[in-house]
Amino acid sequence: MPELPDVEGFRRVLTRHAAGKRITEVTTLDAGVLRGVTGRRLRDTLTGRRFGEPRRLGKWLIAPVVDRPETVVLHFGMTGSLRWETGDRERHDRVIFAFDDGELRYRDMRKLQGLRLAADDAELDRLLADTGPDALAVGQDRFRELLGRRRQLKPLLTDQSVLGGLGNLLVDEILWRARLNPHTPAADLDRAAADALYREMRAVLRAAVQAERVPPRKSWLTGRRDEPSGSCPRCGATLEHGRAGGRGTVWCPRCQPG
DNA sequence: CGGCGTGTTCAGAA
DNA sequence: CTTCTGAACACGCC
């Protein structure tokens, strides 16, 4: 699931329910999601303290700890999520942050990513150094510069070191709306096409962030991609299923000619 | 049993 | 150096 809009949703969960409240207990149910930190150190650092206002860079969720140099950094891989709950825990809950009035739960089935604890701002900066500008914060001029390479649009836009936040589904959706073929070399776009791509990226992200996910609506390409011979919501042509940059890719052969 | 996946990383090749 | 491919990680579902 998690692409930029999902992580933005997790950020809101943390802000709304947990930030500023005293952490009463930290329980690691599966240390397989801990990256470079032990359950004990996580617990010792956080117990009795509070999360500050969390921020997001691309698909990273960054949660500072009030009056401490450490920062909790979360990545959700392909199946992770962050929940505020009070009921029974579920099988894939891996780390629990307990508060007086509920629990913040890091849940992740596949454990492809996990939680880190940056010791200080320098370590945090190193951790985030490989991530490009956030897809929702990048300006139009900077975005246009990013496109000045021969690389295909699909793998370029999903590359987190180029642009942070876009994943497989979002990029297919954005390229479909911009009527651009996923295999087109980015440098082939003229200025007008690049600016149009930027506008569609903003529009898709705005709608998805509002929904806190990539909307599986029928009017979106995303709503059709699972149907083997799904049709383009715009022109009705049978959608093409292939690969670009090694990832499953869906596009409309009529709207997005190669 | 084999294949696949809304993610990242690394090795190796062109 | 840039770009691309395939494999690996871990788990559930077809």
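Below, chains carry the letters A, B, ... as their sequence lines are ordered, and counting in each starts from 1.
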Enquirer: Just how far, in rounded Å, is C1' of B:dG5 from CG of A:Leu170?
Expert: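 Distance, rounded to whole Å: 16 Å.
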Enquirer: Please determine whether a side-chain nitrogen or oxygen atom of A:Arg243 lies at a distance below 4.0 Å from atom OP1 or OP2 of B:dG5.
Expert: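 Checking B:dG5 against A:Arg243, a side-chain N or O does come within under 4.0 Å of OP1 or OP2.
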Enquirer: Tell me if a side-chain donor or acceptor on A:Arg83 pairs with a main-chain N or O of A:Leu104 at a distance below 3.5 Å.
Expert: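 Not a single qualifying donor-acceptor pair exists.
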Enquirer: Which whole-number value in Å describes the distance from A:Leu157 CG to B:dG7 P?
Expert: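 So the CG-P distance, A:Leu157 to B:dG7, works out to 13 Å.
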Enquirer: Taking only N and O in the side chain of A:His75, is any of them less than 4.0 Å away from OP1 or OP2 of B:dG7?
Expert: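 The answer is no; no side-chain N or O of A:His75 sits under 4.0 Å from OP1 or OP2.
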Enquirer: For a side-chain contact (heavy atoms from CB on, under 4.5 Å) with A:Leu175, tell me which candidate from A:Thr184, A:Leu170, A:Leu197 qualifies.
Expert: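 Exactly one candidate clears the test, A:Leu197.
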Enquirer: If we ignore hydrogens and angles and just use 3.5 Å, is the side chain of A:Thr238 paired with the main-chain N or O of A:Ser231 as donor and acceptor?
Expert: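 Not a single qualifying donor-acceptor pair exists.
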Enquirer: Starting at atom NZ of A:Lys59, determine the distance to atom P of B:dT6, rounded to an integer number of angstrom.
Expert: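 In whole Å, B:dT6 P lies 11 Å from A:Lys59 NZ.
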Enquirer: Give me the ring orientation class for A:Phe97 and A:Phe51: parallel if the planes are under 30° apart, tilted from 30 to 60°, perpendicular past 60°.
Expert: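 Judged by the thresholds at 30° and 60°, the geometry between A:Phe97 and A:Phe51 is perpendicular.
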Enquirer: With 3.5 Å as the limit, what N/O pairs link the protein to nucleotides 6-10 of chain C?
Expert:
from, atom 1, to, atom 2, distance (Å)
C:dA10, O4', A:Arg110, O, 2.9
C:dA10, N1, A:Arg110, NE, 3.2
C:dA10, N1, A:Arg110, NH2, 2.3
C:dA10, N3, A:Arg110, NE, 2.8

Enquirer: Can you tell me if CZ on A:Arg234 sees more than 12 non-hydrogen neighbours from other groups inside 6.0 Å?
Expert: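 Yes - once you tally the heavy atoms of other residues, nucleotides and ligands closer than 6.0 Å, there are more than 12.
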Enquirer: Less than 4.0 angstrom between a side-chain N/O of A:Arg150 and OP1 or OP2 of C:dT2, yes or no?
Expert: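 Checking A:Arg150 against C:dT2: no side-chain N or O falls below 4.0 Å of OP1 or OP2.
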Enquirer: If only atom types and distance count, is the side chain of A:Arg50 paired as donor or acceptor with the main-chain N or O of A:Gly20 below 3.5 Å?
Expert: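 Judged by distance alone, yes, a pair lies under 3.5 Å.
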Enquirer: Using whole Å, report how far CE of A:Met78 lies from P of B:dC4.
Expert: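 That distance rounds to 14 Å.
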Enquirer: Could you summarise the pairing of DNA chain C as dot-bracket text, marking Watson-Crick and G-U pairs under 3.5 Å with ( ) or [ ] inside the strand and | across strands?
Expert: .||||||||.||||
Enquirer: Within the structure, does a side-chain N or O atom of A:Arg151 lie under 4.0 Å from either OP1 or OP2 of C:dC4?
Expert: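 Yes, such a contact exists.
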Enquirer: How many whole angstroms separate atom OH of A:Tyr106 from atom P of B:dG7?
Expert: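 The distance from OH of A:Tyr106 to P of B:dG7 comes to 14 Å, rounded to the nearest Å.
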Enquirer: Given the rule in the side chain to side chain contact (heavy atoms under 4.5 Å, CB included) test, do A:Asp195 and A:Gln140 qualify, once you have shown the distances and angles that lead to the verdict?
Expert: CA-CA 7 Å; A:Asp195 289 347; A:Gln140 190 167 31; 3.2 Å; yes
Enquirer: Below 30° counts as parallel, above 60° as perpendicular, anything between as tilted: where do the rings of A:His75 and A:Trp60 land?
Expert: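 Aromatic pair A:His75/A:Trp60 classed perpendicular.
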Enquirer: Can you check the A:Leu163 CG to B:dT8 P distance for me, whole Å?
Expert: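 Distance, rounded to whole Å: 12 Å.
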Enquirer: Taking the P atom of each, how far is B:dC4 from C:dT5, in whole Å?
Expert: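 About 16 Å, rounded to a whole number of Å.
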Enquirer: Out of C:dG12, B:dG7, B:dT8, which has the shortest distance to the side chain of A:His92?
Expert: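 Closest nucleotide among those given: C:dG12.
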Enquirer: For the side chain of A:Asp6 and the backbone of A:Glu3, is there at least one donor-acceptor N/O pair under 3.5 Å apart?
Expert: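 Indeed, once roles are kept as given, a pair shorter than 3.5 Å links the two residues.
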Enquirer: Please report the distance, rounded to the nearest Å, between NE2 in A:His183 and C1' in C:dT5.
Expert: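 Atom-to-atom, A:His183 to C:dT5, this comes out as 14 Å.
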Enquirer: From CD of A:Glu3 over to C1' of B:dG7, roughly how many Å is that when rounded to an integer?
Expert: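 One finds 10 Å between C1' of B:dG7 and CD of A:Glu3, rounded.
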Enquirer: Please state the P separation for the pair B:dT6 and C:dT3 - nearest whole angstrom.
Expert: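 Looking at atom P only, B:dT6 and C:dT3 are 24 Å apart.
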Enquirer: Keeping the roles fixed (side chain from A:His183, backbone from A:Arg243), state whether a donor-acceptor pair exists under 3.5 Å.
Expert: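 Confirmed, A:His183 side chain pairs with A:Arg243 backbone.
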